[in-house]
Amino acid sequence: LAKTTQPISMDSYEGQEVNITCSHNNIATNDYITWYQQFPSQGPRFIIQGYKTKVTNEVASLFIPADRKSSTLSLPRVSLSDTAVYYCLVGDSDYKLSFGAGTTVTVRA
Amino acid sequence: DAGVTQSPTHLIKTRGQQVTLRCSPKSGHDTVSWYQQALGQGPQFIFQYYEEEERQRGNFPDRFSGHQFPNYSSELNVNALLLGDSALYLCASSRDGGLTYEQYFGPGTRLTVT
């Protein structure tokens with residue numbers, strides 16, 4: 001089963017950029033890397049997805065190196081409402097899905 | 001456009017009982033995945049359904065079973081409930097594009113086993 005590793009927590013201040021890295025050494029060769037945001041008592045919310053290199057949307061950027069064994073979610077100019085748990089999700093070489101344990105991001109004023 | 005819906009919102013069951021949870025996918029989605037999320041932990045993959053068949057399964061015992069209907073909605077059944085089955089059960093839907101392709105999650109069903 002794939003094992004994804006993320007930092008347990010990160011602290012930031014409003015207006016700063018937050019970068020969260022997820023390690024996924026056993027990622028399947030043909031599956032995506034996806035990041036989610038979750039608030040208490042809610043289902044995870046899709047943030048961004050990529051296969052390789054860099055992907056950017058209106059809320060985040062995702063950087064994926066050539067070996068795809070890690071990925072970095074970048075949240076530009078965070079606000080208090082970005083305080084949440086962030087998960088990476090990958091499929092492993094046995095095509096099992098694996099969420100990381102999540103990174104609790106706390107944004108302070 | 002309705003997103004992923006799940007029912008019921010909350011459920012309390014007794015050890016040994018059976019439970020059925022339901023999920024309606026987002027419009028245009030044909031793939032449904034189920035996850036179990038214990039308090040303070042990340043979601044754990046149970047299984048994924050596509051074209052009414054179980055396509056992949058995580059490390060869950062046979063007590064956990066599911067079904068997908070022709071309209072793409074899905075059910076999760078858990079038999080012989082244990083106290084450890086208490087969790088938030090999440091359903092996610094996607095357009096088929098790979099195992100993890102752009103999944104959209106419902107609000108979850110909170111199951112409490114006493």
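A, B, ... follow the sequence lines: proteins, then strands. Residue 1 opens every chain.
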| query | Going hydrophobic residue to hydrophobic residue with side-chain gaps under 4.5 angstrom, can you get from A:Ile33 over to A:Val18? | reply | yes

| Sequence neighbours excluded - salt bridge (Lys or Arg N to Asp or Glu O under 4.0 Å) pairs with any residue from residues 67-82 of chain B | B:Arg22-B:Glu75

| query | If Ile, Leu, Val, Met, Phe, Trp and Tyr residues are connected whenever their side-chain heavy atoms lie under 4.5 Å apart, and connections chain through other members, are A:Phe39 and A:Val105 in the same group? | reply | no

| task | With a 4.5 Å heavy-atom cut-off (strictly below), which parts of residues 105-114 of chain B touch chain A? List them by number. | result | B:Phe105, B:Gly106, B:Pro107

| query | Hey, does B:Glu102 have a side-chain heavy atom less than 4.5 Å from the side chain of A:Tyr32? | reply | no

| Within residues 42-66 of chain A, which positions have a heavy-atom distance to chain B below 4.5 Å? | A:Gln42, A:Gly43, A:Pro44, A:Phe46, A:Gln49

| query | With hydrophobic residues grouped by side-chain heavy-atom distances under 4.5 Å, do B:Val78 and B:Leu88 end up in a single group? | reply | no

| query | Looking at residues at least two apart in the chain, or sitting in another chain, which of them share a side-chain contact (heavy atoms from CB on, under 4.5 Å) with B:Asp30? | reply | B:Tyr50, B:Tyr72, B:Asp96

| request: Verify the cluster assignment for B:Leu90 and A:Leu89: are they in a single hydrophobic cluster under the rule of side-chain heavy atoms below 4.5 Å apart? | output: yes

| message | With a 4.5 Å cut-off on side-chain heavy-atom distances among I, L, V, M, F, W and Y, is there a chain of contacts connecting B:Phe45 to B:Val4? | response | yes

| field | CZ (B:Arg15) with more than 12 external heavy atoms under 6.0 Å | value | no

| query | So with a 6.0 Å cut-off around CD1 of B:Ile12, is the heavy-atom count from everything else above 12? | reply | no

| message | Check this for me: B:Leu83, atom CG, are more than 12 non-hydrogen atoms of other residues, nucleotides or ligands nearer than 6.0 Å? | response | yes

| Using non-hydrogen atoms only, which part of B:Gln37 is less than 4.5 Å away from chain A: side chain, backbone, both, or neither? | side chain

| Option that, when pairs with chain A are counted at under 4.5 Å, heavy atom only, ranks first among B:Cys91, B:Ala92, B:Pro43 | B:Pro43

